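Residue numbers run from 1 in the order of the sequence given. Owing to the predicted nature of the structure, the values given are computational and were not obtained by experimental measurement.
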Amino acid sequence: MKRKLLTGIAAALLAASTATAGAQVYLRIGPPPPPRREIVPVAPRPGWVWQPGYHRWDGGRYVWVPGRYMAPPYERARWVPGHWRHGRRGWFWAEGHWAR
């Protein structure tokens, strides 16, 4: 019984630590492939913004995530696309975000 309790506590602490970890994860992998050429369809609603597709790392290889339209969270919001960056510790994905 005590062992199950300790295992549960350890799992909860691990989950909490990964949930609060920073958004930047460094990977010791090769550079991502170049972005694919996408045909951008007509926006489903006026004011919606196109988020370009990108390659994400799935733990063993790069996988293409197609672009999509998004509704801005506030007036005059500008989408800053995510991108791969290379640093001293390897490649990392900088998440896209909304800017004023």
Any donor-acceptor N/O pair, E38 side chain to G67 backbone, under 3.5 Å: yes
Side chain proximity check, Y74 to W98, heavy atoms < 4.5 angstrom: yes
Cluster check V49, V40: I/L/V/M/F/W/Y, side chain < 4.5 angstrom: no
Value rounded to 0.5 Å, distance of CZ in R76 from CZ in R100: 10.5 Å
Mutual orientation of the aromatic rings belonging to Y54 and W93 [parallel < 30°, tilted 30-60°, perpendicular > 60°]: parallel
Backbone N/O of H55 and side chain of W84: donor-acceptor pair under 3.5 Å: yes
Closest non-hydrogen atom pair, W48 against P72: CA-CD, 4.1 Å
Closest heavy-atom pair and its distance - E95, H97: O-ND1, 3.6 Å
Pairwise distance CH2(W79) to CE(M70) - rounded to 0.5 angstrom: 4.0 Å
Shortest non-hydrogen contact between P41 and Y69, atoms and distance: O-OH, 2.5 Å
Spacing of CZ belonging to F92 relative to CZ belonging to R85, to within rounding of 0.5 Å: 4.5 Å
